[in-house]
A.B. asks: 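Sharing a structure with you now.
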Protein chains: 2
Amino acid sequence: MELLWGTGERPTRGPKPGLTLDRIVGAAVTVADAEGIGAVSMRRVAAELGVGTMSLYRYLPGKGELLDLMLDRIAAFDPAEFPGPEAGWRTVLETVARGSWQLHHRHPWLLQVDQTRPLLGPNSVNALEYTIRGLSGVALRDPEKIRLLMIVEGYVAGAARTRLNSALAEKRTGITDEEWWKIQGPFLVQAMESGRYPHLAQLSEDTFAFDDEGDEGDALFELGLGRLLDGIAAYIERRGG
Amino acid sequence: MELLWGTGERPTRGPKPGLTLDRIVGAAVTVADAEGIGAVSMRRVAAELGVGTMSLYRYLPGKGELLDLMLDRIAAFDPAEFPGPEAGWRTVLETVARGSWQLHHRHPWLLQVDQTRPLLGPNSVNALEYTIRGLSGVALRDPEKIRLLMIVEGYVAGAARTRLNSALAEKRTGITDEEWWKIQGPFLVQAMESGRYPHLAQLSEDTFAFDDEGDEGDALFELGLGRLLDGIAAYIERRGG
DNA sequence: GATGACCGCGTACGGCGTACCCAGTTTTCG
DNA sequence: CGAAAACTGGGTACGCCGTACGCGGTCATC
């Protein structure tokens, strides 16, 4: 908590610290980006910084806090760069959703950290402020706005998860879609031929032939986001009159 | 894979196995339900069954496969109990979404397993068949149906994640919402008073005062699902003509 | 210059997944 | 019927992990 907001006070006695929280968190994020969250261990991060493992504990109570700090760090965000309330609530929500989507893209490990709670660090609060400001023109009560926002964020997380699964499958075992179907295929063909899945068996062949990770993954995300916002728009119109 | 579909053949020689895959997976699910996925270790599961740790490896190549099997096992599902295509695509999608939602409710660890890929076991395929059948009346091409389904599933996963975060926060540290605000509050109050977050500061006080876990969590889920399906309905109408 | 606070970090403990290997059991074959 | 083969159970050990503990060196203060 204090770590997140940087309100801890330096004691005056004793040697100056050779490290900073920032450097530690930065190193951890670098490792996570490059090798996945699984590679982020206290030993590994310490090695990255050329210090002993236990030195990190002078700056952090434990690994959990490190993960919390990583989460808030990558949420850094400058509202001035993005459309304000005058652009309309839909544009703002789209901006937030796409920003979050790209965040998941840049840091795929985001979904894999045990996020025991939505920790509110400075950057997260900053983003929240931006969003609420963007919804100021909406004729709903505050709690309802928050709910809609949570729904959109939830959708983004879900979509990111869908894509992450594909990406991980490929990375982890070095298996591509093609190889995967080679392994999985026979079992499925057998299942299809069993006659227990008539509707599945009748699907056209190209049904599953698309890439979740590239442009088509983005298209899927946008399709869902568009539908969700359509529904929300109708709701706002109906309720807000 | 073979494990999932149960197509492995028993060798004739040697002693009969004292365990079954089913018992192992069942024990693992029991442990996960009761104490979270973190408590599921090979040693723990073996202890639960009263056998040595390494005995499990006679039935499973490793822990990853155990998790895969757990996932498919809890996806057991009897299509006959649920509305068929005659009820309309929306009802079917709602059924699927609510089923998945309740599944996450019953097995909160579902989201925490590193689902490297959407493994298609018999139960998952079964559910997929049901859904596709339910969409047979929709005037869209097959790939598009699948995409809409993925979007809905993604939304459910995201919503479940939102709720999971709240639940975990409470369980993990035994901290309730109230205590949490006691800790987090001062920092946020300070942030609010800094004047950097005018719109947040102006939110009514009850904005965040709702329980993600109980009925209000369900209401949030239903609200989002309704909006999403509204948007999908408009889309189908527009495209399917 | 002594004192006490603080930093870096080596060592050690208890957990984990699992590779390896041996002993015991059951079936099959000569 | 005895021996060999095939299989199961599981003990031991290795290399990871997070981190509790404590020690020696460093620096601001009295």
Side-chain angles (χ1 to χ4, degrees), chain A residues 2-3 8-25 27-28 31-32 34-71 109 112-116 168 172-173, chain B residues 2-3 8-25 27-28 31-32 35-71 109 112-116 172-173:
Chain A
E2 285 175 6
L3 300 176
E9 322 196 344
R10 277 266 308 119
T12 62
R13 299 266 264 265
K16 302 250 186 314
L19 247 47
T20 61
L21 249 187
D22 245 36
R23 290 225 300 138
I24 296 175
V25 177
V31 171
E35 304 173 40
I37 196 69
V40 177
S41 70
M42 298 306 265
R43 287 175 227 267
R44 180 77 165 76
V45 172
E48 205 74 11
L49 294 164
V51 302
T53 307
M54 294 315 291
S55 303
L56 302 185
Y57 287 87
R58 292 274 165 208
Y59 302 83
L60 292 159
K63 190 182 183 180
E65 285 76 8
L66 176 56
L67 295 173
D68 286 343
L69 288 168
M70 290 171 69
L71 288 181
W109 45 269
Q112 298 178 281
V113 335
D114 264 5
Q115 207 169 348
T116 58
L168 276 186
R172 162 106 39 157
T173 54
Chain B
E2 285 176 5
L3 299 176
E9 320 192 350
R10 277 264 311 119
T12 62
R13 300 266 264 265
K16 302 246 183 323
L19 246 47
T20 62
L21 250 188
D22 244 38
R23 289 225 302 139
I24 295 175
V25 177
V31 171
E35 303 173 41
I37 196 69
V40 176
S41 70
M42 298 306 267
R43 287 175 226 267
R44 181 77 166 75
V45 172
E48 205 74 12
L49 295 164
V51 303
T53 306
M54 294 315 291
S55 302
L56 302 185
Y57 287 88
R58 292 278 159 202
Y59 303 83
L60 292 160
K63 189 182 182 180
E65 286 76 7
L66 175 56
L67 294 174
D68 287 342
L69 288 168
M70 289 170 70
L71 288 181
W109 46 269
Q112 297 178 281
V113 336
D114 264 7
Q115 206 168 348
T116 58
R172 163 106 41 153
T173 55

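Letters A, B, ... are given to chains in the order of the sequence lines, protein chains preceding strands, and every chain is numbered from 1. The analysis underlying the following values was restricted to heavy atoms, covering all of them including side chains, and did not include hydrogens, waters or symmetry mates.
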A.B. asks: Calculate the interatomic distance between A:Leu60 atom CG and D:dA20 atom P; express it in whole Å.
C.D. replies: 13 Å
A.B. asks: What is the nucleic acid contact for A:Val40, judged by heavy atoms within less than 4.0 Å: base, sugar-phosphate only, or nothing?
C.D. replies: sugar-phosphate
A.B. asks: Write down the distance between CE (B:Met42) and P (C:dT18), rounded to a whole number of angstrom.
C.D. replies: 6 Å
A.B. asks: Just checking A:Ser55: base, sugar-phosphate only, or nothing, at a heavy-atom cut-off of under 4.0 Å?
C.D. replies: base
A.B. asks: Would you mind reading off the distance between A:Lys63 atom NZ and D:dT19 atom P, rounded to a whole angstrom?
C.D. replies: 8 Å
A.B. asks: Are A:Val25 and A:Leu60 packed together at the side-chain level, in the sense that at least one heavy-atom pair is separated by less than 4.5 angstrom?
C.D. replies: no
A.B. asks: Calculate the interatomic distance between A:Ile37 atom CD1 and D:dG18 atom P; express it in whole Å.
C.D. replies: 11 Å
A.B. asks: To the nearest Å, how far apart are B:Leu56 CG and C:dT18 C1'?
C.D. replies: 11 Å
A.B. asks: Could you tell me whether a side-chain N or O of A:Tyr59 sits under 3.5 Å from a main-chain N or O of A:Leu19, the two making a donor and an acceptor?
C.D. replies: yes
A.B. asks: Tell me whether the side-chain N/O atoms of B:Thr53 come closer than 4.0 Å to OP1 or OP2 in D:dG10.
C.D. replies: no
A.B. asks: I want to verify a distance call: between D:dG18, D:dC21, C:dT18, whose nearest atom is closest to the A:Met54 side chain?
C.D. replies: D:dC21
A.B. asks: Are any non-hydrogen side-chain atoms of A:Leu69 and A:Ile24 less than 4.5 angstrom apart?
C.D. replies: no
A.B. asks: Counting side-chain heavy atoms from C-beta on, which of D:dT19, D:dG10, D:dG22 comes nearest to B:Val51?
C.D. replies: D:dG10
A.B. asks: For the pair made of CZ in A:Arg44 and P in D:dC17, what is the distance, rounded to whole Å?
C.D. replies: 10 Å
A.B. asks: Give me the atom names and distance for the closest heavy-atom approach of B:Gly62 to B:Met42.
C.D. replies: C-CE, 4.4 Å
A.B. asks: Please tell me which of the listed nucleotides, D:dT19, D:dG22, C:dC22, lies nearest to the side chain of A:Arg58?
C.D. replies: D:dG22
A.B. asks: Whole-Å distance between D:dT8 C1' and B:Leu49 CG?
C.D. replies: 15 Å
A.B. asks: Examine D:dG18: is either OP1 or OP2 under 4.0 Å from a nitrogen or oxygen in the side chain of A:Tyr57? Give yes or no.
C.D. replies: no
A.B. asks: Got a list of side-chain donor-acceptor pairs under 3.5 Å for residues 48-57 of chain B, not counting sequence neighbours?
C.D. replies:
residue	atom	partner	partner atom	Å
B:Glu48	OE1	B:Arg44	NH1	2.3
B:Ser55	OG	B:Gly52	O	3.3

A.B. asks: I'd like to know if B:Arg43 reaches the base of C:dG17 with its side chain such that a donor and an acceptor end up less than 3.5 angstrom apart.
C.D. replies: yes
A.B. asks: Verify the contact: side-chain N or O of A:Lys16 to OP1 or OP2 of D:dA28, cut-off strictly under 4.0 Å; return yes or no.
C.D. replies: yes
A.B. asks: Which nucleotide in the set C:dT18, D:dT8, C:dG8 lies at the smallest distance from any side-chain heavy atom of A:Tyr59?
C.D. replies: C:dG8
A.B. asks: Taking only the side-chain heavy atoms of A:Pro15 (C-beta and beyond), determine which of D:dG10, C:dG17, D:dG25 contains the nearest atom.
C.D. replies: D:dG25
